[in-house]
Amino acid sequence: MPLPEQVVVHAAELRAEIERHNHAYYRLDAPTIPDAEYDRLFRELQGLEQQYPELLTADSPTQRVGAAPLKEFPPRRHGVPMLSLNNAFEPAEVEAFDQRVRDGLETIAAVDYAVEPKFDGLAISLTYENGLFTCGATRGDGATGEEVTPNLRTLRCIPLRLVGSGWPALIEIRGEVLIFKQAFADLNARQRERGDKEFANPRNAAAGSLRQLDSRITASRPLAFFAYGVGAGAESLPIKTHAELMDLLLSWGFPVAEERRVVQGSKGLLGYFAEIGAKRPSLPYDIDGVVYKVNRLAAQAQLGFVSRAPRFAIAHKFPAEEALTEVLGIDVQVGRTGAITPVARLKPVFVGGVTVTNATLHNEDEVRRKDVRIGDTVIVRRAGDVIPEVVAIVPEKRPMKPGKDLFDSEPVQAPFAMPTACPECGSAIEKGIDEAIARCTGGLYCPAQRKQALLHFAARRAMDIEGLGDKLVDQMVDAGLLHSPADLYGLTVETLAGLERMGDKSAQNLIAAIEKSKQTTLARFIFALGIRNVGEATARDLARHFGTLEALLAADAAALQQVPDVGPIVAASLAAFLGEAHNREIIERLQAAGVTWAEAAPAETGPRVFTGKTLVLTGTLPKLKRDEAKMLIEAAGGKVSGSVSKKTDFVVAGEEAGSKLEKAQELGVPVIDETELLKLLEKGIEE
Ligand code: IVH
């Protein structure tokens with residue numbers, strides 16, 4: 001096939017770009033694009049070179065495994081080259097691998113595979129001579145690495161002298177240096193505190209830490225190591241399988257993966273993949289897949305190698321968690337409590353197994369720190385079920401205005417500026433001092449907050465209104481049917497049936513669900529109000545403590561703080577909420593509409609703990625003020641009297657109790673203290 005001009009140009013461009021990324025990744029330990037994007041470029045170049053073999057040059061990046069060794073470190077030629085692994089992503093590719101293995105071994109029987117996690121760190125080779133650690137090197141280009149022995153000596157988990165027995169005079173141990181997730185978080189926190197640059201991920205941090213000219217810096221980094229193979233010296237080991245090799249390495253003092261196993265056939269491989277995938281979030285270190293190796297060493301030798309990788313092993317990788325895409329716009333979203341979150345609208349991109357169109361930018365400071373602008377190419381990350389986020393921009397890809405030269409041009413887009421008014425309701429956006437989050441001050445006037453507040457009100461753990469989902473709430477708020485949760489109880493089948501995609505039957509079901517929600521509990525009701533900082537547990541505590549809504553409404557910040565686990569912040573949120581006339585009005589309207597709970601309808605409940613009982617308070621109670629104690633007793637159905645008589649059921653005595661205590665003792669009236677009173681109250685008022 002003749003070689004078209006544009007193919008030659010494109011291949012040269014790809015090579016230049018790949019070399020640039022190699023430099024950023026291997027030399028600077030600061031990659032500018034996700035691995036998946038690098039792999040895509042690499043495969044594109046490989047594809048071109050396969051299609052047009054005359055394109056292939058000896059110096060093409062496809063012809064080497066990594067990067068040439070750094071000049072700063074002495075080169076170290078590996079006794080046996082450090083190869084790489086081919087990748088599989090789909091079950092079909094794993095089945096094809098298993099088929100190739102069986103074809104190669106001329107067997108139809110299920111093959112035994114040694115399986116283990118694929119550590120996401122950097123490969124190293126450790127040389128031991130007569131059991132002593134003499135030299136350690138990075139992979140480099142596979143044939144020659146950088147010698148970093150003094151740095152590797154600082155890793156406590158690397159034995160300086162092998163323990164046990166059975167090692168040959170010279171052996172190269174292969175494995176991965178990495179940083180555990182928690183240690184990485186701590187390391188970055190330290191970097192941040194010191195004003196030093198944070199690391200992009202544990203792998204880059206590990207690579208950067210290992211390639212330090214001053215090994216004291218390496219020593220200060222939390223590097224870990226796992227062994228997974230042997231280079232030179234393998235042939236003289238008294239073993240037959242990879243699994244035995246792992247046990248041998250363990251016996252010599254090397255850490256090896258606990259999750260290693262032996263499985264049979266492609267079914268076993270895929271089962272292991274699923275198992276480790278499920279375990280991945282709880283593993284203490286990052287993995288990017290699993291590795292399958294034919295277990296029998298003789299079978300490995302029989303299968304041999306193709307160019308850069310063995311035929312007997314393959315890496316089965318998880319879907320990439322990072323991808324590149326373009327920012328189409330930056331919006332802000334308004335949350336239930338008015339929190340404003342900047343969100344990047346993205347050109348749809350497949351990442352972490354799903355198509356992502358939005359990614360959170362967290363808050364204003366984050367957008368500024370990352371300097372994300374419209375038109376930027378960004379790295380998007382979606383790991384597990386977490387919300388997709390913009391990790392960083394790719395600076396080289398930023399659209400620039402034409403200038404007379406590189407230094408003269410400026411970005412097309414200005415830096416992101418947080419709006420000063422809420423995009424939903426126009427109210428001011430404010431940020432408290434020391435607060436990372438800006439908020440819309442519109443409260444329930446803001447339709448966005450109103451929608452969220454309504455959804456929260458209707459949620460299963462709040463008022464539990466089945467069938468009231470976000471589409472419906474959007475429609476009703478936009479149509480002006482719902483201004484507050486109280487409006488829900490004025491809805492009719494007719495009004496609802498007029499809405500888009502709402503049949504008579506669904507309208508009736510929703511009205512029935514709204515009706516049913518009227519009978520609730522005080523705890524659910526308090527939670528449903530959506531008061532900032534008042535979650536389900538706090539709502540339950542409040543209900544238990546105050547017993548009635550009236551008692552809660554009467555409480556000031558000090559009284560609120562008497563509730564276990566309610567501190568000044570929660571008390572302030574509650575006081576602010578209850579201090580708003582319109583919130584009180586909504587509460588009144590909800591009650592008027594028939595929202596009720598057992599505690600407020602004594603007729604429907606059994607007697608409360610102090611129903612029909614008279615108590616007398618005397619002396620100073622340690623925690624409760626006199627009127628608070630009174631309120632609580634009344635909330636529990638009791639009466640508080642000023643004088644002790646034969647009819648008194650309990651006297652609650654505090655410090656310096658005087659004549660009333662004496663009288664109680666005289667008449668044989670039970671005397672309790674505050675602790676006992678609180679215990680009785682707690683027992684008596686359930687949710
Ligand atoms: S075996 C000849 N086992 O993956 C096979 N490699 O693309 C040599 N890796 O550079 C590799 N975990 O750094 C092997 N359990 C594991 C591994 C593993 C991570 C890395 C290794 C290598 C890359 C291969």
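On a predicted model such as this, the values are computed, not experimentally measured, just so you know. Counting begins at 1 with the first residue of the sequence. Whatever order the structure lists them in is the order used to number ligands and atoms, beginning at 1.
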Taking only non-hydrogen atoms of Ala257, do any sit less than 4.0 angstrom from ligand 1? no

Name the closest protein heavy atom to atom 23 (C) of ligand 1, giving the residue it belongs to and the distance to 0.1 Å. Lys118 NZ, 3.9 Å

Donor-acceptor side-chain pairing of His242 and Glu116 below 3.5 angstrom: yes

If you take the centroid of each ring, where Trp contributes its six-membered ring, are Phe305 and Phe312 closer together than 6.0 Å? yes

Report the part of Glu116 in contact with ligand 1, treating N, CA, C, O as backbone and CB onward as side chain, heavy atoms under 4.0 Å; options are side chain, backbone, both, neither. side chain

Mind checking whether Pro310 has a heavy atom under 4.0 Å from ligand 1? yes

Any salt bridge linking Arg190 with Asp186? Criterion: basic side-chain nitrogen under 4.0 Å from a carboxylate oxygen. no

Report the nearest protein non-hydrogen atom to atom 21 (C) of ligand 1: residue, atom name, distance rounded to 0.1 Å. Tyr228 OH, 3.0 Å

Give the atom numbers and elements of ligand 1 that come within less than 4.0 Å of a heavy atom of Ala123. 10 (O), 13 (O)

Ligand 1-proximal atoms of Leu85, by part, heavy-atom distance under 4.0 Å: both

Is there side-chain contact between Asp286 and Phe184, with at least one heavy-atom pair below 4.5 Å? no

Protein residue, atom and distance nearest to atom 10 (O) of ligand 1, heavy-atom basis: Arg139 NH1, 3.1 Å

Looking only at side chains, do Arg102 and Gln99 share a donor and an acceptor under 3.5 Å apart? yes

Give a yes or no on whether a salt bridge exists between Glu44 and Arg40, defined as a side-chain N under 4.0 angstrom from a carboxylate O. yes

Quick check on Lys293 - does any of its heavy atoms sit under 4.0 Å from an atom of ligand 1? yes

Which residue owns the protein heavy atom closest to atom 8 (C) of ligand 1, what's the atom, and how far is it? Leu83 O, 4.2 Å

Which ligand 1 atoms are under 4.0 Å away from a heavy-atom of Glu176? 9 (N), 13 (O), 19 (C), 20 (C), 21 (C)

Looking only at side chains, do Ser125 and Arg76 share a donor and an acceptor under 3.5 Å apart? no

For atom 12 (N) of ligand 1, what's the nearest protein heavy atom and its distance? Phe119 N, 3.0 Å

On a heavy-atom basis, which atom in Gly104 and which in Gln302 lie closest, and how many Å separate them? O-NE2, 3.6 Å

